[in-house]
Amino acid sequence: MSSERSARHLPILASIIIALMLAISPFPDALQPFRPDWVALTLIYWAIVVSGTYGVGTAWLVGIVLDVAQGTLLGQHALALSAVAYLTVRFHLQLRVFPLGQLTLTVAGLLAVYQFILFWINGVAGLSTPAIRFWGPLVSGTLLWPLVYFLLGRINYRRRRG
């Protein structure tokens with residue numbers, strides 16, 4: 001029973017680890033401002049689908065790991081991801097029934113909250129960052145959400161089927 005339960009969590013943890021690896025992997029300099037927030041997109045999906053297990057606590061832990069991996073202010077991504085995860089978990093029943101277009105617009109709003117919190121923390125810390133560093137991930141993440149949704153949906157389907 002325990003190994004079956006562990007096997008059901010393995011694809012979720014693997015997708016979060018892959019999202020973390022994509023977040024710190026090298027990216028072309030010209031496209032760097034448009035790097036999608038892979039971790040946020042992945043956590044949003046899993047918070048919608050399995051909100052009871054993967055929510056605010058998971059987002060906070062993954063955010064701390066992301067802060068350490070990227071060398072940003074400790075707790076910056078943890079706070080932003082936790083806020084986004086809270087909003088996602090709070091409204092996950094409504095989000096589950098949205099059609100893909102409406103869900104994509106909602107995810108764009110969640111990514112805007114995520115970027116705003118990062119922008120606000122950098123402003124309080126006195127770090128100046130070009131505006132493209134905040135608008136680029138919002139646009140690219142919104143455009144990639146349907147792909148992430150379908151890819152993680154297939155992983156979730158296989159996870160539930162055993």
Close side-chain approach of [X] and [Y], heavy atoms under 4.5 Å:
X	Y	answer
Leu100	Pro146	yes
Arg133	Gln32	yes
Asn122	Gln76	yes
Phe91	Ile48	no
Pro11	Arg158	no
Val39	Leu43	yes

Can you get from [X] to [Y] by hopping between Ile, Leu, Val, Met, Phe, Trp and Tyr side chains that sit under 4.5 Å apart?
X	Y	value
Val107	Tyr149	yes
Leu105	Leu111	no
Trp120	Val113	yes
Leu147	Leu95	yes
Ile18	Ile44	yes

Quick one: [atom1] on [X] to [atom2] on [Y], what's the gap to the nearest 0.5 Å?
X	Y	atom1	atom2	value
Tyr54	Tyr45	OH	OH	13.5 Å
Leu143	Thr104	CG	OG1	9.5 Å
Arg90	His92	CZ	NE2	10.5 Å
Trp60	Ile64	CH2	CD1	4.5 Å
Leu110	Leu81	CG	CG	11.5 Å
Tyr114	Asp37	OH	CG	5.0 Å

Please check if the side chain of [X] supplies one atom and the backbone of [Y] the other of a donor-acceptor pair under 3.5 Å.
X	Y	answer
Ser15	Ile12	yes
Arg35	Leu22	yes
Asp67	His77	yes
Ser82	Ala59	no
Arg159	His9	no

Exercise for the section: Please test Leu73 against Leu127 for side chain to side chain contact (heavy atoms under 4.5 Å, CB included), starting from the C-alpha separation and ending with a verdict. Expected result: CA-CA 10 Å; Leu73 294 171; Leu127 302 173; 4.2 Å; yes
Problem - Minimum-distance pair of heavy atoms, taken over all atoms of Pro33 and Pro137 - result: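 Nearest heavy atoms, Pro33 then Pro137: O-CD, 3.1 Å.
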Fill in the blank from the handout: In terms of heavy-atom contacts, Ala47 and Val89 come closest through CB-CG2, 4.0 Å
Exercise for the section: Tell me, with the steps shown, if Ile24 and Leu20 meet side chain to side chain contact (heavy atoms under 4.5 Å, CB included). Expected result: CA-CA 7 Å; Ile24 62 173; Leu20 283 167; over 6 Å; no
Exercise for the section: For side chain to side chain contact (heavy atoms under 4.5 Å, CB included), just list the numbers for Ile16 and Thr58, CA-CA rounded to whole Å, side-chain angles, deciding distance to a tenth of an Å, and then say yes or no. Expected result: CA-CA 10 Å; Ile16 292 172; Thr58 304; 4.2 Å; yes
Practice task
Begin from the C-alpha positions of Trp38 and Leu144 and carry the test side chain to side chain contact (heavy atoms under 4.5 Å, CB included) through to its verdict.
Solution key: CA-CA 9 Å; Trp38 296 109; Leu144 285 174; 3.5 Å; yes
Handout entry: Among Phe116, Phe119, Phe34, ring-ring contact (aromatic ring centres under 6.0 Å, His included) partner for Phe134
Key =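 The ring-ring contact (aromatic ring centres under 6.0 Å, His included) with Phe134 is passed solely by Phe119 among Phe116, Phe119, Phe34.
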Exercise for the section: Using side-chain contact (heavy atoms from CB on, under 4.5 Å) as the criterion, list what pairs up with Ile17, not counting sequence neighbours. Expected result: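 So Ile17 forms a side-chain contact (heavy atoms from CB on, under 4.5 Å) with Met21.
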